[in-house]
Enquirer: 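Next up is a structure, given as structure tokens.
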Amino acid sequence: EGCAEGDCGACTVVIGEPDGNDKIKYKAVDSCLYFLPMLHGKQLITVENLQSQEKLHPVQEAMVEYHGSQCGFCTPGFVMSMFALYKNHDHPSRDVIDDALTGNLCRCTGYRSIVEAAAHACVHDGIDVFTGNEPHIAAMLQTITHTSLNLTTSKQKYYRAASLNEALQFKAEHPQALVISGATDVALRVTKKHELLETILDISGLAELKEIDENDDHLIVGAGVPLNDILPQLQLMFPALYDILRVFGSPQVRNVATFGGNLGTASPIGDLLPVLMAYDAKIILESLHGRRKIDMHQFITGYRQTVRQPDELITAVKIPKLPKNVIIRSYKISKRKDLDISTVSGGFRLELNADGKVKDIRLTYGGMAEMTKRALKTESFLTGKLWNRENVEAAIPLIDLEFRPISDARSGEEFRKVAARNLLLKFWLENSLQ
């Protein structure tokens, strides 16, 4: 029995999917956030699968040799995260190892011995001890028909669409159906609140929503693209978006969580929302009646409310590439660096004139109101003024007039106000001409 919210990693398993080249790509996921029908067409690997002919897998042997386990509660999850690391990396760096283990919590052993075990086990010079059945399993996976799944009981209906058109048809017929892609947010309604979700539309298997299209002007990311799949492509192109995704959940979460899912929840503390607003992203919505594009600044209308109509699905996000003179930064304040929910977040945009005066500034905050919002009064005050400390410090008190944050389990109202003010000053310090 674990945390049941994707936080401890004790339930980590590895999912294998065909990569299109007669091989399998492997991803660690939190099984507590993974609905059973989402496994259709995939291989499920648990810790019991790793032992071969009574011989431990190298990651298991390393955990023993380097004393990586004490109470043992977290060990199966760590082993599976290490197994995914083993399958995807040879001679991984310390940063890669640390990131691979951010989704697993250890309360007694400490991470040093576990990191050493991972470093030792994942040096295999491309010789994989787990490849015995891989070609056979890849071939089996290829034979599975990818038709829709319609699972119906007297209390529940679960529909896993096989095409975008089928999904749109189902949404038109069941406008109140709950849409899931990665389910990392929706699953908590089952595991924590014990809700019975009456009608579910699962779009996690739609190839049309997993496409990435880049040209000279913009990047279009399909709403169903897992965050980890797009992460490497963003580092040079959209560094502020890359920075926020690096501290988005954990690998287990990012391997299934999607752009469309994070936008669809419209959470006031959603990590992607402020920075996508700063980038002037557009949301592409589709229904049987056609397609439309919505500016990110107009997409969210209230607490977990958007302009999306009941028969529409989010199908893609369009992110314009920036002119060289535009600066964008993303910020996330939380109680810990990895695997934590935002207390306050920010997506800031700045463009200066040749004389050092502010031509355009956007200050978008998460965690400060019932929805992600811009500090419009502060932006207006700074526009046309010199981008210097004197003007920034004069603008800072205006932020208190923009928002009325609440006190909750993560933080108090006053801390949020101080943090929001300080983020503006930090933005100036990082982008000062002086």
Enquirer: Would you indicate whether the side-chain heavy atoms of Lys55 and Glu61 approach each other to under 4.5 Å?
Expert: yes

Enquirer: Where do Gly41 and Pro18 come nearest, in terms of heavy atoms and distance?
Expert: O-CD, 4.0 Å

Enquirer: So, the side chain of Asp213 versus the backbone of Ile220: is there a donor-acceptor pair under 3.5 Å, distance only?
Expert: no

Enquirer: Of all heavy-atom pairs between Glu166 and Tyr159, which one has the smallest distance, and what is that distance?
Expert: OE1-OH, 3.5 Å

Enquirer: Do Arg304 and Met371 have side chains that approach each other closer than 4.5 Å (heavy atoms only, starting at C-beta)?
Expert: no

Enquirer: Are more than 12 heavy atoms, taken from residues, nucleotides or ligands other than Lys321, located less than 6.0 Å from that residue's NZ atom?
Expert: yes

Enquirer: What's the separation between atom OG in Ser407 and atom CZ in Phe415, rounded to the nearest 0.5 Å?
Expert: 11.5 Å

Enquirer: For the backbone of Cys3 and the side chain of Lys192, can you confirm whether one donor and one acceptor N or O come within less than 3.5 Å of each other?
Expert: yes

Enquirer: Checking side-chain polar atoms at under 3.5 Å, does Asn150 have a donor or acceptor matched by the opposite partner on Thr152?
Expert: yes

Enquirer: Are the charged groups of Lys87 and Glu134 less than 4.0 angstrom apart, N to O?
Expert: yes

Enquirer: Taking Thr191's backbone N and O only, do any of them form a donor-acceptor pair with Glu5's side chain (distance below 3.5 Å, no angle check)?
Expert: no

Enquirer: Walk me through it: do Ile114 and Tyr66 pass the test side chain to side chain contact (heavy atoms under 4.5 Å, CB included)?
Expert: CA-CA 7 Å; Ile114 299 173; Tyr66 285 84; over 6 Å; no

Enquirer: Which atom pair, heavy atoms only, marks the closest approach of Cys32 to Cys11?
Expert: N-SG, 3.3 Å

Enquirer: Hey, what do you get for CG (Leu245) to CG (Leu227), rounding to the nearest 0.5 Å?
Expert: 5.5 Å

Enquirer: Passes side chain to side chain contact (heavy atoms under 4.5 Å, CB included), His91 versus Asp125? Steps please.
Expert: CA-CA 8 Å; His91 292 76; Asp125 298 319; 3.1 Å; yes

Enquirer: Show your working on side chain to side chain contact (heavy atoms under 4.5 Å, CB included) between Leu50 and Met80 and close with a plain yes or no.
Expert: CA-CA 9 Å; Leu50 300 192; Met80 295 312 297; 3.8 Å; yes

Enquirer: Using 0.5 Å steps for rounding, measure from the CG atom of Leu168 to the CD atom of Glu208.
Expert: 9.0 Å

Enquirer: Please report the C-alpha distance between Thr12 and Val29 in whole Å, then the side-chain angles of each, then the deciding distance to 0.1 Å, and finally whether the side chain to side chain contact (heavy atoms under 4.5 Å, CB included) criterion is met.
Expert: CA-CA 6 Å; Thr12 300; Val29 304; over 6 Å; no

Enquirer: Decide if atom CD of Glu370 counts as having more than 12 heavy atoms of other residues, nucleotides or ligands within a radius under 6.0 Å.
Expert: yes

Enquirer: Are the side chain of Asp30 and the backbone of Asp7 linked by a donor-acceptor contact shorter than 3.5 Å?
Expert: no

Enquirer: I'd like to check Val13 versus Ile45 (side-chain heavy atoms, cut-off strictly below 4.5 Å). Are they in contact?
Expert: no

Enquirer: Quick one: which residue pairs count as a salt bridge (charged side-chain N to carboxylate O under 4.0 Å, His left out) with a foot in residues 97-112, not counting sequence neighbours?
Expert: Arg94-Asp98, Asp99-Arg254, Arg112-Glu116

Enquirer: Mind checking side chain to side chain donor-acceptor pair (under 3.5 Å) for His146 and listing every partner two or more places apart, or none if nothing turns up?
Expert: none

Enquirer: Check Asn49 against Leu44 and note the closest heavy-atom contact, atom names and distance.
Expert: OD1-O, 3.9 Å

Enquirer: For Met237, is the CE atom crowded, meaning more than 12 foreign heavy atoms sit under 6.0 Å from it?
Expert: yes

Enquirer: Please give me the minimum heavy-atom distance between Ala266 and Gln305, naming the atom from each residue.
Expert: CB-N, 3.9 Å

Enquirer: Run the ring-centre check on Tyr365 versus Phe348 and record whether the distance is less than 6.0 Å.
Expert: yes

Enquirer: Are any non-hydrogen side-chain atoms of Lys157 and Leu151 less than 4.5 angstrom apart?
Expert: no

Enquirer: What I'd like to find out is whether the side chain of Ile24 reaches to under 4.5 Å of the side chain of Asp19, using heavy atoms alone.
Expert: no

Enquirer: As an exercise, state the distance from CG of Leu313 to CD1 of Ile284, rounded to the nearest 0.5 Å.
Expert: 13.0 Å

Enquirer: Would you find a donor on one side and an acceptor on the other, under 3.5 Å apart, between the side chain of Lys417 and the backbone of Met368?
Expert: no

Enquirer: Between Asp202 and Phe35, is any pair of side-chain heavy atoms under 4.5 Å apart?
Expert: no

Enquirer: Under 4.5 Å between any side-chain heavy atoms of Lys332 and Asp271, yes or no?
Expert: yes

Enquirer: Using atom types as modelled and distance alone, determine if a side-chain donor or acceptor of Arg416 lies under 3.5 Å from a backbone N or O of Ile406.
Expert: yes

Enquirer: Mark yes or no for whether Arg308, through its side chain, and Glu312, through its backbone, hold a donor-acceptor pair below 3.5 Å.
Expert: yes

Enquirer: Which distance, rounded to the nearest 0.5 Å, do you find between the CD1 of Ile300 and the CG of Leu263?
Expert: 7.5 Å

Enquirer: To the nearest 0.5 angstrom, please state how far the OG atom of Ser250 sits from the CG atom of Asn255.
Expert: 8.0 Å

Enquirer: If we ignore hydrogens and angles and just use 3.5 Å, is the side chain of Lys25 paired with the main-chain N or O of Gly16 as donor and acceptor?
Expert: no

Enquirer: Can you say whether the rings of Tyr86 and His124 are parallel (under 30°), tilted (30 to 60°) or perpendicular (over 60°)?
Expert: tilted

Enquirer: Heavy-atom count around Arg292 CZ within 6.0 Å, excluding the residue itself: above 12?
Expert: yes

Enquirer: Tell me whether His57 contacts the main-chain N or O of Val59 through its side chain, where contact means a donor paired with an acceptor under 3.5 Å.
Expert: yes

Enquirer: Decide yes or no for Ile314 and Phe299: does some side-chain heavy atom of the first lie under 4.5 Å from some side-chain heavy atom of the second?
Expert: yes

Enquirer: Tell me the closest heavy-atom pair linking Leu101 and Ser81, and the distance in Å.
Expert: CD2-CB, 4.2 Å

Enquirer: Is it true that Glu379 and Arg374 make a salt bridge, defined as a side-chain N closer than 4.0 Å to a carboxylate O?
Expert: yes

Enquirer: Under 3.5 Å, side chain of Glu17 to main-chain N/O of Lys42, donor-acceptor pair present?
Expert: no

Enquirer: Please tabulate, one pair per line, all N/O donor-acceptor pairs under 3.5 Å involving side-chain atoms of residues 323-331, not counting sequence neighbours.
Expert:
from   : atom 1 : to     : atom 2 : distance (Å)
Asn325 : ND2    : Glu351 : OE2    : 3.1
Arg329 : NH2    : Asn431 : OD1    : 3.0
Ser330 : OG     : Ala240 : O      : 2.6
Tyr331 : OH     : Glu430 : OE1    : 2.6

Enquirer: Answer yes or no: is there an ion pair linking Arg336 with Asp338, defined by an N-O contact shorter than 4.0 Å?
Expert: no

Enquirer: Under a 4.0 Å N-O cut-off, is there an ion pair linking Lys318 with Asp295?
Expert: no

